[in-house]
Every structure is written in structure tokens, then in C-alpha cells.
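Just dropping this structure here.
Lettering follows sequence order; numbering is per chain, from 1.
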There are 2 protein chains.
Amino acid sequence: MTTPRANSRERILAAAAEVARETGPGSLSLDAVAQRAGVSKGGLLYNFPSKAKLMQALVASYVEEFDRDLNEAVEAGETLLSAYLRLTAKACERDEPATWLFSAMAEDPDFLEPVTAHRRRLLDRLKADTSDVAGLLVVFFAMEGLLSMKLFDGTILGQDERELLMERLPRIAAGRRA
Amino acid sequence: MTTPRANSRERILAAAAEVARETGPGSLSLDAVAQRAGVSKGGLLYNFPSKAKLMQALVASYVEEFDRDLNEAVEAGETLLSAYLRLTAKACERDEPATWLFSAMAEDPDFLEPVTAHRRRLLDRLKADTSDVAGLLVVFFAMEGLLSMKLFDGTILGQDERELLMERLPRIAAGRRA
DNA sequence: TTGACAATACCGTCCAGACGGTACAGTTAC
DNA sequence: GTAACTGTACCGTCTGGACGGTATTGTCAA
């Protein structure tokens with residue numbers, strides 16, 4: 001009952017994210033991931049020879065996807081800030097928070113290094129693109145705060161409040177005072 | 001020595017936070033905590049009858065401390081917003097990030113509920129104190145973003161950048177009520 | 001005053017289960 | 001034939017936590 005062609009890696013990665021979300025970040029066992037992906041444990045370890053490699057791939061795929069989307073938007077003519085705002089807001093509205101991030105952190109905090117490096121590069125790109133650094137920082141960290149709340153599951157903000165926030169942010173980054 | 005040790009609970013809680021910080025959020029074992037606290041595992045389990053109770057106490061003590069400090073500042077005449085800004089900034093500058101939070105989350109995401117509830121209450125209090133809700137939201141989430149970066153270990157921001165940010169924030173939330 | 005009992009605050013040991021990882025023989029698609 | 005698996009069996013380690021024991025202090029009736 002096998003169709004062994006290889007989107008296996010993607011299926012496994014997606015399964016890992018699902019398991020992390022459903023059973024909690026601390027319960028990401030290889031057995032659970034293999035079962036969820038419809039793969040044997042042997043098969044999982046064939047694709048990712050250790051749990052550490054799985055985690056690294058999980059983190060890397062997230063960073064790559066974000067950068068890809070961002071660069072596509074910029075090449076299509078959108079401003080960097082606008083694209084960042086839009087993509088991050090989209091991430092905030094997704095049903096599945098990226099709790100796999102916590103799984104990676106629980107396994108070994110060093111696995112987050114690619115994410116923090118990515119964030120640092122992103123901020124640098126945004127800084128190079130504005131004349132109002134302070135305003136940019138405010139906007140950037142507000143978005144990061146919103147995103148982290150989503151990660152921590154907090155549905156702290158109502159719809160109307162979020163709209164209020166998202167409406168104000170671009171005006172701050174534009175250098176205008178309310 | 002023979003006399004029952006005073007403040008065992010506090011020592012254990014502090015030890016748990018230390019272990020979480022030093023060995024990573026996923027490696028918070030009772031053995032490690034007991035050893036660090038200078039208590040046997042049996043003694044630990046006497047004070048906190050399960051790991052879950054330990055985590056809950058860890059979370060609760062954080063929330064209580066924050067609220068206590070905040071209320072003291074307000075009673076001493078500081079405005080709520082100013083106190084919130086100051087206390088959160090202080091937390092960001094502390095050497096020891098609160099990685100125990102991730103330990104709690106790894107154990108069971110539900111343990112974070114008191115924290116998110118606390119955050120929600122805090123935001124509500126701040127909202128009731130301002131006429132410019134949108135501005136407040138920006139400031140609040142920017143601070144939360146800064147804090148979460150600290151938690152994720154990201155030393156993303158340099159000293160000068162943080163000063164730039166912290167200088168701008170109060171001006172955005174300038175709309176005060178009566 | 002004292003002896004009996006109980007509560008408090010631990011210590012040290014043990015154990016069942018979960019987990020990551022290995023090994024390897026068999027199976028299927030190309 | 002080979003890459004990409006499956007399936008099973010197994011190992012060593014770690015972990016939460018149950019349990020029984022112990023020392024000190026407190027209470028209180030006779």
C-alpha cells in the first residue's frame with residue numbers, strides 16, 4: 001500500500017507542525033510524527049536521520065518560505081514595509097500558530113538561531129528603506145508583539161482592536177503623528 | 001539543618017527558573033531542580049506534589065509579582081502607562097530571561113492561561129486609562145514584542161536602537177484621559 | 001513533668017513507561 | 001538494481017512520581 005514518491009519530506013514536516021500544535025510543543029515525539037505523516041518510524045529516520053535534523057529543517061523551511069513570499073511581493077512592486085506588514089498580519093490570522101517553534105526551542109534553544117538571524121536581517125532591510133528609524137522600530141516591534149501573542153495562543157485582541165492597530169501602524173511608519 | 005528549612009518553596013521556584021535558563025526549557029527535570037535547590041527529590045515533591053503544580057506556582061508567582069510592583073507604583077503616584085512601560089523595560093533588561101515560561105508551555109500549553117489572562121486584564125486597565133486606544137495598542141504591542149524577543153533570547157536590538165524606541169513610545173501614547 | 005501521639009518537613013530508593021536511536025530483513029516502484 | 005521505504009525488535013537512558021522511612025517540633029491529657 002505504498003506510493004513511495006517523495007513529497008515525503010514535506011508531509012513529515014507538516015505532520016511535525018501539526019503534532020506540535022495538537023499535543024503541545026513538549027510532546028513532539030518521532031513516533032507521533034511518523035504516525036501522523038503516515039510513515040513508519042524507519043521511514044522518518046530515513047528522511048531525517050535524527051530529531052535534530054528534523055527540527056532544523058522545520059525552522060529552515062519557515063524562514064525560506066517567508067523570505068520567498070517577501071521577495072516575490074517586492075519584485076511585484078510592493079514596498080518592503082507593506083509586504084512585511086501584510087505577510088506578518090497574514091501569519092497572525094492563520095488558524096495554525098507556529099507552535100513547532102516552541103518544540104524546537106524545547107529541544108535546544110540554539111535551533112532558533114536561524115530565526116533570530118532572519119529577524120535581524122529583516123529589520124536591517126527595513127531600516128535601510130526608511131528615514132524614520134524610530135517609527136519603523138515601533139511598527140516592527142508592534143507586529144512582532146502581535147505575532148508572539150498569536151504564538152502564545154493569546155486571542156487577546158478582538159477583531160475591532162486589531163483593525164484599529166493595523167490602521168494606525170502604517171501612519172506611524174510614514175512619519176506622521178496622529 | 002535539622003530544623004525545617006524556611007522558604008523552601010521560594011528556593012525551589014528560583015531553582016526551577018535557573019535550571020530552565022541554563023539547561024534549556026525542555027530539560028526542566030525534577031531531579032535537576034531538586035539538586036539545584038539543595039533539596040532531595042522527595043522533599044521537592046513534598047512542597048509541590050507534582051510537576052504540574054510546580055509549573056503553576058512558577059507562573060502564578062510571576063503574575064503576582066508583576067501586579068504587586070505595578071500596583072505599588074500606581075499607589076505611589078505613577079501613571080499606569082508609565083509604570084507598565086518602566087516595569088516591562090526593566091524585565092527586558094534583566095540578565096535572566098524568563099525561559100521557565102517555555103518550560104511551562106512545553107509541559108502543557110494550558111499552563112500559560114494565567115499569563116494570557118493577566119495580559120488581557122492589563123491591556124483592559126490601560127485602555128480604560130486612555131482616550132487614544134489605537135495609540136495605546138501600538139505601544140502595548142511594541143513592548144510585548146520587545147519582551148518576547150528578549151524571551152526568545154534575541155539580542156536583536158542594540159542599545160542605541162532601544163533608546164530610540166523607548167523614547168518614541170510615550171509620545172505615541174500621549175492621549176491621556178481626564 | 002512527662003509520656004503518648006501527631007503533624008511537619010523532609011530523605012533515599014525504586015520502578016514503570018516513554019523516548020531517541022539502531023539494526024536489519026523484507027517490499028515496492030522505477 | 002537501486003532508491004525509498006515498511007515493520008519489528010531491541011537497547012540505553014531519562015523521568016515523573018509513588019513509597020516507606022526519619023528527625024524535629026507541637027499538643028495535650030494524666
Side-chain angles (χ1 to χ4, degrees), chain A residues 1-20 22-59 99-100 102-111, chain B residues 1-20 22-59 99-100 102-111:
Chain A
M1 221 189 294
T2 37
T3 319
R5 265 298 314 172
N7 49 354
S8 281
R9 280 181 63 97
E10 286 169 30
R11 284 217 328 282
I12 290 169
L13 253 19
E18 276 175 49
V19 171
E22 286 168 22
T23 70
S27 316
L28 193 79
S29 72
L30 295 185
D31 282 303
V33 173
Q35 197 173 342
R36 169 58 61 114
V39 170
S40 71
K41 193 176 172 183
L44 196 169
L45 286 162
Y46 179 81
N47 285 280
F48 301 96
S50 73
K51 194 178 184 183
K53 298 275 183 186
L54 213 203
M55 294 304 191
Q56 281 161 11
L58 212 47
V59 171
T99 43
W100 53 264
F102 297 112
S103 300
M105 188 166 198
E107 199 66 26
D108 184 345
D110 292 344
F111 287 156
Chain B
M1 189 85 86
T2 47
T3 47
R5 294 177 202 169
N7 58 25
S8 281
R9 282 180 62 97
E10 285 169 31
R11 284 217 331 284
I12 291 169
L13 253 18
E18 276 175 49
V19 171
E22 286 168 23
T23 69
S27 315
L28 191 79
S29 72
L30 296 186
D31 280 304
V33 173
Q35 198 173 344
R36 169 59 62 113
V39 169
S40 76
K41 198 174 169 184
L44 197 170
L45 255 7
Y46 175 81
N47 285 280
F48 301 95
S50 74
K51 195 179 185 183
K53 297 276 183 187
L54 212 203
M55 294 305 189
Q56 281 162 9
L58 213 46
V59 171
T99 43
W100 53 264
F102 296 112
S103 300
M105 189 167 198
E107 200 64 27
D108 183 345
D110 292 343
F111 288 157

Worksheet item: Which nucleotide in the list dG21(C), dG16(D), dC5(D) gets nearest to the side chain of S8(A)?
Response: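 Of the options given, the side chain of S8(A) lies nearest dC5(D).
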
Worksheet item: In whole angstrom, what separates E107(B)'s CD from dG17(D)'s C1'?
Response: 13 Å

Worksheet item: Does N47(B) place a side-chain N or O at less than 4.0 Å from the phosphate oxygens OP1/OP2 of dA9(C)?
Response: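 Looking at the OP1 and OP2 atoms of dA9(C), neither is under 4.0 Å from any side-chain N or O of N47(B).
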
Worksheet item: For the pair made of CD in Q35(B) and P in dG12(C), what is the distance, rounded to whole Å?
Response: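 Result: 12 Å.
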
Discussion item. If I take atom CG in residue N7(B) and atom C1' in nucleotide dA9(C), what distance separates them, rounded to the nearest angstrom?
Written reply: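 Computing the N7(B):CG to dA9(C):C1' distance gives 13 Å.
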
Item to complete: Look at all strands and tell whether L54(B) reaches a base, only sugar-phosphate, or nothing, counting heavy atoms closer than 4.0 Å.
Response: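 Here L54(B) touches no strand at all.
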
Item to complete: Return no unless some side-chain N or O of Y46(A) is found under 4.0 Å from OP1 or OP2 of dA4(D).
Response: yes

Fill in: Gap between atoms CE and C1', on M55(B) and dT15(D) respectively (whole Å)
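Whole-Å distance recorded here is 12 Å.
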
Item to complete: Return the value, rounded to whole Å, for the distance between atom CG of L44(B) and atom C1' of dG17(D).
Response: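 That distance rounds to 11 Å.
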
Worksheet, complete the sentence: Separation between CD (Q56(B)) and CG (L58(B)), nearest 0.5 Å, reads 11.0 Å

Worksheet item: Could you state the interatomic distance from CG (D108(B)) to CZ (F111(B)), rounded to the nearest 0.5 Å?
Response: 5.0 Å

Discussion item. Of the listed nucleotides (dG21(C), dG17(D), dG7(D)), which one gets closest to any side-chain atom of S40(A)?
Written reply: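 Among dG21(C), dG17(D), dG7(D), the one nearest the side chain of S40(A) is dG7(D).
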
Worksheet item: For the side chain of S50(B), counting heavy atoms from C-beta on, which of dC11(C), dG21(C), dG17(D) is nearest?
Response: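 So the nucleotide nearest the side chain must be dG17(D).
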
Worksheet item: When all nucleic acid strands are considered with a 4.0 Å heavy-atom cut-off, which category describes G38(A): base, sugar-phosphate, or nothing?
Response: sugar-phosphate

Worksheet entry | Phosphate-side-chain proximity, S29(B) and dC14(D), N/O vs OP1/OP2 below 4.0 Å | no

Item to complete: Round to the nearest Å and state the distance from K53(A) atom NZ to dG21(C) atom P.
Response: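 Rounded to whole Å, this separation is 12 Å.
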
Fill in: Euclidean distance, W100(B) CH2 relative to L13(B) CG, rounded to 0.5 Å
9.5 Å

Discussion item. Does Q35(B), at its CD atom, have more than 12 non-hydrogen atoms belonging to other residues, nucleotides or ligands within less than 6.0 Å?
Written reply: no

Worksheet item: Expressed in angstrom and rounded to an integer, what is the separation of L28(B) atom CG from dC14(D) atom C1'?
Response: 14 Å

Worksheet item: Got a donor-acceptor pair under 3.5 Å from the side chain of K41(A) to the base of dG7(D)?
Response: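 Check fails, no donor-acceptor contact within cut-off.
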
Worksheet item: Which residue, S27(A) or L45(A), contacts DNA chain C at a nucleotide closer to its 5' end, judged by nearest heavy atom?
Response: S27(A)

Item to complete: Round to the nearest Å and state the distance from F48(A) atom CZ to dG20(C) atom C1'.
Response: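 For the pair F48(A) CZ and dG20(C) C1', the rounded distance is 16 Å.
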
Practice prompt. Please lay out, stage by stage, how E107(B) and L28(B) fare under the test side chain to side chain contact (heavy atoms under 4.5 Å, CB included).
Written response: CA-CA 9 Å; E107(B) 200 64 27; L28(B) 191 79; over 6 Å; no

